[in-house]
Amino acid sequence: MILLDGKLLSAQIKQEIATDVAEIKAQGGKIPHLVAILVGTAGRSEAYVASKMKSCEEVGMHSTLIRFDDDVTEADLLAAVEDVNANPDMDGLIVQLPLPKHINPDKVMEAIAPEKDVDGFHPINIGRMAKGLPAYVSATPQGILEMLKRYDISTTGKHCVVVGRSQIVGLPMSILMQRNDYPGNCTVTLTHSKTTNLAEICRTADILIAALGRPEFITADMVKDGAVVIDVGLERVVDATKKSGFALKGDVKFDEVAPKTTYITPVPGGVGLMTICSLMQNTVKAARREVYK
Ligand code: GUN
């Protein structure tokens, strides 16, 4: 079993991005600038966004955080998006999800200019990605592809089972793994909460991507010997043995699953760190106008 080390890879990728940014700077080019809009203080969003902003600073990129209270109106939020769209100094924009119930996330995603949508959530980017055209690809799926590539994991002809059909991870992941490219060329099964015989289907996976958001849901009996297991989950569970009172768990029961696998991602220290790298890579692409000329 080989651990897919997100910590190691993300450190390498950050170094590569820092070199790119230094080069842009040396040539008098535009320093990539990522803007994040954060609404409220609930859940883990604040910590995620802080980590994104900090990573940008570490590689020499510019970052701006725009904050709103939970009771911000949809109109005010959309106006803020429009301001960023119109600001030529700002290259990439993310609006951290989830948003409060009174705001329609689809409306907000669609308001982001596709050429600044470095999260790849705009329907135009999702459509372009699905067609294999240049597009911003959602950060977590892109980070997983990068991981498979850098560990030289073979994917052609393999059966890839994706568990979870979220717009952010499961759905784009399933599309990317079937495309005629590397990593890709898999036979893909996209499973979800209404899937019957889920355990049986998972047992046929050469590559199992768990992105359903249920701690330790994937157990050893659901995994084929020699499978590659990618764990996208990251949830807090109560753990009295920890000083903080909680532990971070993935969607995979790591201790019992890991010995059966050829490759597996740890949680934390796996996919999560790759996600931030993808976001920064997309922002560099945005500053260089690589996707939309
Ligand atoms: N919430 C959870 N993951 C993400 C992400 O990748 N981007 C945004 N904008 N919100 C999220």
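Both counts, for ligands and for their atoms, begin at 1 and track the order of listing.
Under 4.0 Å is where a charged nitrogen must lie from a carboxylate oxygen, and between R289 and D91 at least one such pair does. Salt-bridge check for K30 with D89: passed, with a basic side-chain N closer than 4.0 Å to an acidic carboxylate O.
With a 4.5 Å cut-off on side-chain heavy atoms, L34 and M280 do not count as touching. Counting only heavy atoms from C-beta outward, the side chains of L279 and D119 approach each other to under 4.5 Å.
Residue, atom and distance of the protein heavy atom nearest to atom 4 (C) of ligand 1 are Q96 NE2, 4.0 Å. Of all protein heavy atoms, the one lying nearest to atom 1 (N) of ligand 1 is L97 O, 2.9 Å.
Of all heavy-atom pairs spanning I126 and G120, the tightest one is CG1-O, 3.6 Å.
Neither the backbone nor the side chain of L279 comes within 4.0 Å of ligand 1, counting heavy atoms alone. Contacts of K52 with ligand 1, taken as heavy-atom pairs under 4.0 Å, involve the side chain alone. Proximity of Y48 to ligand 1, defined as any heavy-atom pair under 4.0 Å, is not found for any part of the residue.
Between Y136 and Y292, the angle of the ring planes lies from 30° to 60°, which puts this pair in the tilted group.
For a threshold of 3.5 Å applied to N or O pairs, the pair formed by D119 and ligand 1 contains at least one separation below that value. Residue V95 places at least one N or O, backbone or side chain, under 3.5 Å from an N or O of ligand 1.
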